[in-house]
Protein chains: 2
Amino acid sequence: MANYSPRLSGVFHALDDPTRRAVVRTLVRGPETVSALAAPFPMALPSFLKHLAVLEESGVVRSRKEGRVRTCELVPRRLAQAERWLAAQRVVWESRSDRMVGFVENLHREEQARAKRNDRAR
Amino acid sequence: MANYSPRLSGVFHALDDPTRRAVVRTLVRGPETVSALAAPFPMALPSFLKHLAVLEESGVVRSRKEGRVRTCELVPRRLAQAERWLAAQRVVWESRSDRMVGFVENLHREEQARAKRNDRAR
DNA sequence: CGAATAGTTAGCCATCGGGATAACTGTAGG
DNA sequence: CCTACAGTTATCCCGATGGCTAACTATTCG
């Protein structure tokens, strides 16, 4: 198995901050410049740039500079990896729940059978 | 919109560490005691307990103590919230991609039309 | 009872994370 | 050319995180 994936850590870390999630929610609608992205936030630009750096380092965002303007865009692949990890856990959990349901149904059937036997024995 | 959700931050933060993800991967298969969970990891127990504390504080894991044994179990709801957030972003991205495809196809049609006009004009 | 088991609490350390300011670089535009 | 604009870099501050050891509590079992 060996599921140590540092990439996944990077993505989840990138998403653990409200500012960075807000940036993602903007970028899913299309590319934006740095200043356009930064505008809604009450923090200084260098502080905001650190968030962008985290997003880029995690691979969630890519950017290129033309003239003095840097344009950022989303890279959906990493988000998809995180989503798939969560889905995989859910699938295991749900399959277990199914077995639990089966287990409980078995208990019920056995209970009925026992009741029947007792009935006949009475 | 106001999507600041500190809960989501907690969940993503809980998942940004490989040790904690490994714990989740164990717990989706069913409840476990603290020592059983800690056994695979090369760290001291108090260090491991901090990870468990993060998982519990985020609401991803719940635990109860019977006698001297504490048993942990997964709470799937929080993971589901994170998964839904990711899915929502993907949906927006994909709808945009659809529009982009339409846009490019339009460009192509216009290009063809222009070529035709030029053809006639020639 | 006494020893082993299962956690827990307390405190120490180094590094990281999110914020700030100040000063700088490079590109447009008038 | 020179000013305004869009980012960038360099530091600093401080609280949070992830690791450790040591010492402690509370069960269980022989």
Side-chain angles (χ1 to χ4, degrees), chain A residues 3-27 30-73 78, chain B residues 3-27 30-73 78:
Chain A
N3 236 324
Y4 264 81
S5 179
R7 288 185 184 170
L8 221 36
S9 291
V11 175
F12 284 130
H13 172 57
L15 297 179
D16 81 8
D17 181 276
T19 300
R20 294 192 290 259
R21 281 200 304 280
V23 169
V24 169
R25 288 206 314 275
T26 301
L27 288 181
E32 285 291 355
T33 70
V34 167
S35 10
L37 286 173
F41 303 101
M43 68 184 69
L45 191 59
S47 308
F48 181 78
L49 286 182
K50 285 193 187 177
H51 288 299
L52 273 190
V54 171
L55 284 164
E56 274 205 73
E57 197 152 326
S58 72
V60 170
V61 164
R62 192 186 359 164
S63 76
R64 60 192 186 289
K65 199 168 179 178
E66 275 164 61
R68 56 181 173 175
V69 175
R70 180 175 295 277
T71 304
C72 300
E73 70 176 327
R78 291 303 160 86
Chain B
N3 235 322
Y4 265 80
S5 179
R7 288 185 185 170
L8 221 37
S9 292
V11 175
F12 284 130
H13 172 58
L15 297 179
D16 80 7
D17 181 277
T19 300
R20 293 191 291 257
R21 282 201 304 281
V23 169
V24 169
R25 289 206 315 276
T26 301
L27 289 181
E32 284 290 355
T33 70
V34 167
S35 12
L37 285 173
F41 302 101
M43 68 184 67
L45 191 59
S47 309
F48 181 78
L49 286 182
K50 286 193 186 177
H51 288 298
L52 272 189
V54 171
L55 284 165
E56 275 207 70
E57 197 152 325
S58 72
V60 170
V61 163
R62 190 184 3 160
S63 75
R64 62 194 185 288
K65 198 167 179 178
E66 276 164 62
R68 58 182 172 175
V69 175
R70 181 176 293 279
T71 304
C72 300
E73 70 177 326
R78 292 305 161 86

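- Where A:Ala44 and A:Gly67 meet DNA chain C, the nucleotide closest to each residue was compared, and A:Ala44 sits on the side nearer the 5' end.
- Judged purely by atom type and a 3.5 angstrom limit, B:Thr71 has no side-chain atom pairing as donor or acceptor with the backbone of B:Thr33.
- In this structure a side-chain-to-backbone donor-acceptor pair under 3.5 Å is missing from B:Ser9 to A:Asp17.
- Atom NZ of A:Lys65 is separated from atom C1' of C:dT27 by 9 Å (rounded to the nearest Å).
- Protein atom CZ of A:Arg70 is 18 Å distant from nucleotide atom C1' of C:dA28, rounded to whole Å.
- As rounded to whole Å, 14 Å separates atom P of D:dA16 from atom CG of A:Asp16.
- Residue B:Phe12 contributes atom CZ, which lies 18 Å from atom C1' of C:dG17 at whole-angstrom precision.
- Atom-to-atom, CZ of B:Arg20 to C1' of D:dG18 comes out at 9 Å; the value is rounded to the nearest Å.
- Although no hydrogens or angles enter the test, the distance criterion places no donor-acceptor pair under 3.5 Å between the side chain of B:Arg70 and the main chain of B:Val34.
- Listed nucleotides: C:dG26, C:dT8, D:dT8. Nearest to the side chain of A:Arg68: C:dG26.
- Side-chain N or O atoms of A:Arg21 include one that pairs as donor or acceptor with a backbone N or O of A:Leu15 at under 3.5 Å.
- At whole-Å resolution of the value, NE2 in B:His13 and P in C:dG18 are 10 Å apart.
- Within residues 46-59 of chain B, the residues approaching DNA chain D are B:Pro46, B:Ser47, B:Lys50, B:His51, by heavy-atom distance under 4.0 Å.
- With hydrogens and angles ignored, the 3.5 Å screen pairs no side-chain donor or acceptor of B:Arg7 with any backbone N or O of B:Arg78.
- With D:dG18, C:dA20, C:dG18 as the candidates, the nucleotide lying closest to the side chain of B:Asp17 is D:dG18.
- Here the straight-line distance linking atom CD of A:Glu32 with atom CD of A:Glu73 works out to 12.0 Å at 0.5 Å rounding.
- Between the P atom of D:dC24 and the CG atom of B:Leu45 lies a distance of 18 Å, rounded to the nearest Å.
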